[in-house]
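We count ligands from 1, going down the list as the structure has it; atoms in each ligand are counted the same way. FYI, the numbering just counts along the sequence from 1. These numbers come from a predicted model, not from an experiment.
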Amino acid sequence: MKTVTKLKRYDMYINGEWTSPTDGEYFPSHNPATGEAWCEVAKGSAVDVDNAVQAAHAAFLSPEWRKMTPTQRGHLVSKLGELIAENVETLAKFETLDNGKLIREMRGQLQYLPEFYHYYGGLANKIQGNVLPIDKPDMLVYSVREPLGVIAAITPWNSPLYLTTLKLAPALITGNTIVIKPSEMTSASILEFVKLVEKAGFPAGVVNVVTGFGMPVGDALTSHPLVRRIAFTGGEVSARKVVENSAKNFASLSLELGGKSPNIVFEDANLDNAAMGIIAGIFSASGQSCVAGSRAFIHKNVYDKVMEKLVHRVEQIKIGDPLQEETEMGPLATEAQLQRVEQYVDWGLKEGGKLICGGKRPENIENGWYFEPTIFEHADNTSKITREEIFGPILSVIPFEDEDEVIQLANSTEYGLATGIWTQDIGRAHRVSAEIRAGIVWINTYRSVSPIVPIGGSGLTGYGRESGMEVVHEYTQTKSVWVNTSDKIIEDPFKWV
Ligand code: NAD
């Protein structure tokens, strides 16, 4: 008889308490490497969301949080960074168990994550208002930047802690409180992380986590009347619902959605580096990255050479258990995602794409949601597979003849997230960068991120920016304070001043 092992069970974190769901229900979270459930997560409801938002609102108004100086808030946020640094290995393991991404990628991400907390921790006491050069006599006018209130943070499954951090750190240093709703597929690492939030010493209610599905949890959260800002990362369909919800509470909104980002290789590029950059861009994280470089435009004079380098390396990619150090590509995060990738391969073939390598599940792996790194060659940029975000390990390669043509091809997408440009010609690098419609341009590199650098895009990629200094403005609002410094008696109440 098969022994049934009891799964690890996660409650929600509301008002500083581990809270079981009001409906008493839990749902399984699966390990993509095996396809098996490995833990259970609380299935939140609209009531749980309301409890969390009310707790966050009360914490926002509480003297304990309101009266804390920016320096003190900064110290707390930096402390959280230190605690993450002490717990990298554990957190990385939870992320890999949930999303199937390589342990070495998750470890790398987590080792770097404290930098975000230190960057924002240090920024906390540098957010200033202004004394305004007012054009009226006897007036002193100054502006201060104030927090908004309760922030709703909604994240997808691919990089749970990194994508939460981009919202959490700027929200906290500016004095907001937050309710986090992680992806229903990857809640565990956030719930483990929140133990560190508690340990860092944040007052109860400042950080809350509600788990569950888009409907009803995400829906109830984004339409809640006490939510003042929604920071959303995810797909287009959910984003449209979130935008509709924001019409109910007039919460301000940032949307970080998908991309169909190009890597452009000019004939003067260092071709070895370009090939490595293309591979890193699309096959890291099995293509499940918003900035995945899923289109490669290669100049016709170097096309064959680059293709040879690409295919040679791609055929050596080690696919397998993401917890093994030597693995280079793990599984896709869900079975549905695997089926979606297969569907795109079918469409690619039907629409005349030439399959160069991959295109199927690996034959030597029995369980889990694995797919081979896949390269398609296309004559142009018009087919479904070259235009839509797949979020899987499929690269579309298209040759080009000149700069104008490739700029037009690169821009012929509804997304506007990232672009890689590979060239040794400095003039060309900046000329092309200026013409590209994207929020991030990487020249002779790809996929680098830093707390100092804004991320975001336009079009179907959404709007708003995360990371960098300017994001603090998105988590604050300006208050203008007018002071009459004159001691004259006001004689005419109807006189325009
Ligand atoms: P998804 O849209 O299905 O889910 C994202 C989150 O939204 C989840 O937490 C989900 O529960 C929630 N959600 C679903 N319906 C909702 C609703 N009606 N109201 C509120 N919340 C709702 O996306 P996914 O499949 O988890 O992630 C993949 C997508 O995320 C891709 O499109 C990818 O490009 C995008 N992404 C973007 C970035 C970026 O920074 N631009 C980073 C990573 C991923």
Practice task
Measure Glu389 to ligand 1 on non-hydrogen atoms and call it side chain, backbone, both or neither using the 4.0 Å cut-off.
Solution key: side chain
Practice task
Please work out whether the ring planes of Tyr117 and Phe193 are parallel, tilted or perpendicular, with thresholds of 30° and 60°.
Solution key: tilted
Completion exercise
Of Gly212, Ser187, Gly214, the one whose closest heavy atom lies nearest atom 16 (C) of ligand 1 is Gly214
Practice task
Please work out which of the three classes, parallel, tilted or perpendicular, describes the rings of Tyr162 and Phe116, given edges at 30° and 60°.
Solution key: perpendicular
Practice task
Answer with yes or no whether the side chains of Thr174 and Thr476 bring together a donor and an acceptor at under 3.5 Å.
Solution key: no
Exercise for the section: Determine whether any heavy atom of Pro182 lies closer than 4.0 Å to an atom of ligand 1. Expected result: yes
Practice task
Could you tell me whether Trp157 and ligand 1 have an N or O pair separated by under 3.5 Å?
Solution key: yes
Practice task
Please determine if Lys167 and Glu466 form a salt bridge, counting it only when a charged side-chain N lies under 4.0 Å from a carboxylate O.
Solution key: yes
Problem - Which segment of Leu257 sits under 4.0 Å of ligand 1 when only heavy atoms are counted - result: backbone
Handout entry: Geometric N/O contact Thr233 with ligand 1, under 3.5 angstrom
Key = no
Completion exercise
Looking at Gly234, Cys290, Gly456, the heavy atom closest to atom 35 (C) of ligand 1 belongs to Gly234
Problem - Nearest neighbour in protein (non-hydrogen) for atom 33 (C) of ligand 1 - result: Phe391 CE1, 3.2 Å
Exercise for the section: Report yes if some N/O of Thr155 lies less than 3.5 Å from some N/O of ligand 1; otherwise report no. Expected result: yes
Exercise for the section: Kindly indicate, with the supporting measurements, whether the criterion side chain to side chain donor-acceptor pair (under 3.5 Å) is fulfilled by Thr186 and Asp98. Expected result: CA-CA 5 Å; Thr186 53; Asp98 246 357; 5.3 Å; no
Exercise for the section: Return yes or no for this condition: an N or O of Lys241 is under 3.5 Å from an N or O of ligand 1. Expected result: no
Problem - Parallel, tilted or perpendicular: rings of Phe376 and His378 (30°, 60°) - result: parallel
Practice task
Look only at interatomic distance and state if Asn158 has a nitrogen or oxygen under 3.5 Å from any nitrogen or oxygen of ligand 1.
Solution key: no
Problem - Check: Arg229/Ser252 side-chain N/O donor and acceptor closer than 3.5 Å - result: yes
Handout entry: Polar atom proximity, Phe213 to ligand 1 (N or O, under 3.5 Å)
Key = no
Handout entry: Evaluation steps, ring pair (Phe, Tyr, Trp, His ring centres under 6.0 Å), between Trp65 and Phe60
Key = CA-CA 6 Å; Trp65 185 238; Phe60 178 68; 8.9 Å; no
